Amino acid sequence: EKFIAITKIKKLKTGLSKLIDYAMNPSKTTADKIFNDGMKNEEVVFVRGINCIPEFAKAQMQETKDMFNKNSGNVGYHIIQSFDDNEGTNEQVFEIGCKLAEELFGDKFEVIVALHKNTDNLHCHIVVNSVSFVDGKKFNDNKTFLNKMRTVSDRLCREQGLSVIENPKPSKHQCYPQYIAERDGEYNKFTTLKKDIDECILRTGSERNILYEMHKLGYKFDFSK
């Protein structure tokens with residue numbers, strides 16, 4: 001199987017602080033580093049702040065919002081860059097995630113990047129403040145940005161000698177009510193199912209494990225028909 005980066009972005013109406021805590025969870029971001037002599041080891045925490053100090057990121061992001069009186073609407077954005085489980089090291093994947101965040105947001109926004117290495121596949125959580133500390137403008141995840149994010153992610157993977165998805169198929173047309181619901185952060189049974197499937201795909205990076213992840217969320221499947 002190829003080593004493929006899948007990058008998704010979701011807007012946050014609430015819960016920015018909780019997401020930062022989740023992303024920086026030491027049980028998910030800490031790994032042992034073994035030295036050449038095989039005797040010593042030290043813990044490495046794969047968390048980096050861009051334009052902020054990780055330990056104070058929540059307060060700094062809120063201060064930026066308060067400074068520009070921008071406390072309504074989207075409070076932040078959550079990018080997950082997920083990789084297949086067959087190739088890549090912690091350091092390699094983390095560096096790709098950090099470079100992606102730096103290139104996309106480094107000139108204007110506060111960002112936390114965290115590598116999670118406690119699941120079947122390595123994946124980076126990138127948490128972005130919705131308000132720029134430079135000019136107070138809010139970030140807009142429009143189609144132009146989404147295309148740029150994919151292009152940058154693919155380039156960074158190629159630079160590391162890793163595979164990317166060539167000529168991806170366009171997504172199917174989404175009905176307007178479903179589009180509005182997802183845009184506003186509201187979920188019905190269809191958008192909830194789509195959200196859960198997307199997150200399971202990002203967690204596993206492998207088709208064979210998607211059903212297992214769905215089972216953990218309480219879904220049941222009947223293949224008898």
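Bear in mind that the values here come from a model prediction, so they are computed numbers and not experimental data. For this chain, numbers begin at 1 and follow the sequence in order.
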Undergrad: Contact between L115 and N90 at the side-chain level, heavy atoms closer than 4.5 Å - yes or no?
TA: yes

Undergrad: If you group Ile, Leu, Val, Met, Phe, Trp and Tyr by side-chain heavy-atom gaps below 4.5 Å, do F56 and V47 land in one group?
TA: no

Undergrad: May I ask you to check whether over 12 heavy atoms, not counting those of F145, lie within 6.0 Å of atom CZ?
TA: yes

Undergrad: Is the closest side-chain heavy-atom distance between F46 and H116 below 4.5 Å?
TA: no

Undergrad: Taking only Lys NZ, Arg NE, NH1 and NH2, and the carboxylate oxygens of Asp or Glu, determine whether R155 and E103 approach each other closer than 4.0 Å.
TA: yes

Undergrad: Find out whether Y77 and S130 are in side-chain contact, i.e. whether some heavy atom of one side chain is under 4.5 Å from a heavy atom of the other.
TA: yes

Undergrad: How about D66 and N71: do any of their side-chain heavy atoms sit closer than 4.5 Å?
TA: yes

Undergrad: Can you tell me if K65 uses its side chain to pair, donor with acceptor, with the backbone of V75 under 3.5 Å?
TA: yes

Undergrad: Within this structure, what is the SG-CD distance for the pair C98 and Q81, rounded to the nearest 0.5 Å?
TA: 10.0 Å

Undergrad: Does K117 use its side chain to pair, donor to acceptor, with the backbone of T30 at less than 3.5 Å?
TA: yes

Undergrad: If you define the side chain from C-beta out and look only at heavy atoms, does anything of R48 sit under 4.5 Å from E95?
TA: yes

Undergrad: Find the distance between NZ (K28) and NE2 (H123) and round it off to the nearest 0.5 Å.
TA: 7.5 Å

Undergrad: Determine, stepwise, if the pair I79 / F105 fulfils side chain to side chain contact (heavy atoms under 4.5 Å, CB included).
TA: CA-CA 12 Å; I79 295 172; F105 305 105; 3.7 Å; yes

Undergrad: In Å and rounded to the nearest 0.5 Å, what is the CZ to CG distance from F139 to L104?
TA: 7.5 Å

Undergrad: How long is the gap from CD1 on I126 to CD1 on I9, to the nearest 0.5 Å?
TA: 9.0 Å

Undergrad: Distance-only, no hydrogens or angles: does the Q60 side chain make a donor-acceptor pair with backbone N or O of I53 under 3.5 Å?
TA: yes

Undergrad: Say whether, by atom type as modelled, one donor and one acceptor occur between the side chain of K70 and the main chain of G136 under 3.5 angstrom.
TA: yes

Undergrad: What closest approach, in Å, do N74 and K138 show between heavy atoms, and which atom pair accounts for it?
TA: O-NZ, 2.9 Å

Undergrad: Counting C-beta onward and ignoring hydrogens, is there a side-chain heavy-atom pair between P54 and I112 closer than 4.5 Å?
TA: yes

Undergrad: If we ignore hydrogens and angles and just use 3.5 Å, is the side chain of N129 paired with the main-chain N or O of F109 as donor and acceptor?
TA: no

Undergrad: Minimum heavy-atom separation for F68 and V131, please, with both atom names.
TA: CD1-CG1, 4.3 Å

Undergrad: Pick from V128, I50, I96, L100: which one makes a side chain to side chain contact (heavy atoms under 4.5 Å, CB included) with V113?
TA: I50

Undergrad: So, S153 side chain and M149 main chain: donor-acceptor pair closer than 3.5 Å or not?
TA: no

Undergrad: Which of these, K11, H125, K8, sits in a side-chain hydrogen bond (donor to acceptor under 3.5 Å, both in side chains) with H78?
TA: H125

Undergrad: Are V111 and N51 side-chain neighbours, meaning at least one heavy-atom pair lies under 4.5 Å?
TA: no

Undergrad: Under the criterion side chain to side chain contact (heavy atoms under 4.5 Å, CB included), I'd like the reasoning laid out for E63 against F133: C-alpha separation, chi angles, the key distance, then a yes or no.
TA: CA-CA 9 Å; E63 286 174 3; F133 67 90; over 6 Å; no

Undergrad: Just so I know, are the side chains of K108 and D135 near enough to count as touching, which here means a heavy-atom distance under 4.5 Å?
TA: yes

Undergrad: Same hydrophobic cluster for M61 and V134, using side-chain heavy-atom links shorter than 4.5 Å among ILVMFWY?
TA: no

Undergrad: Can a donor-acceptor pair be found, under 3.5 Å and without considering hydrogens, that links the side chain of S17 to the backbone of K58?
TA: no

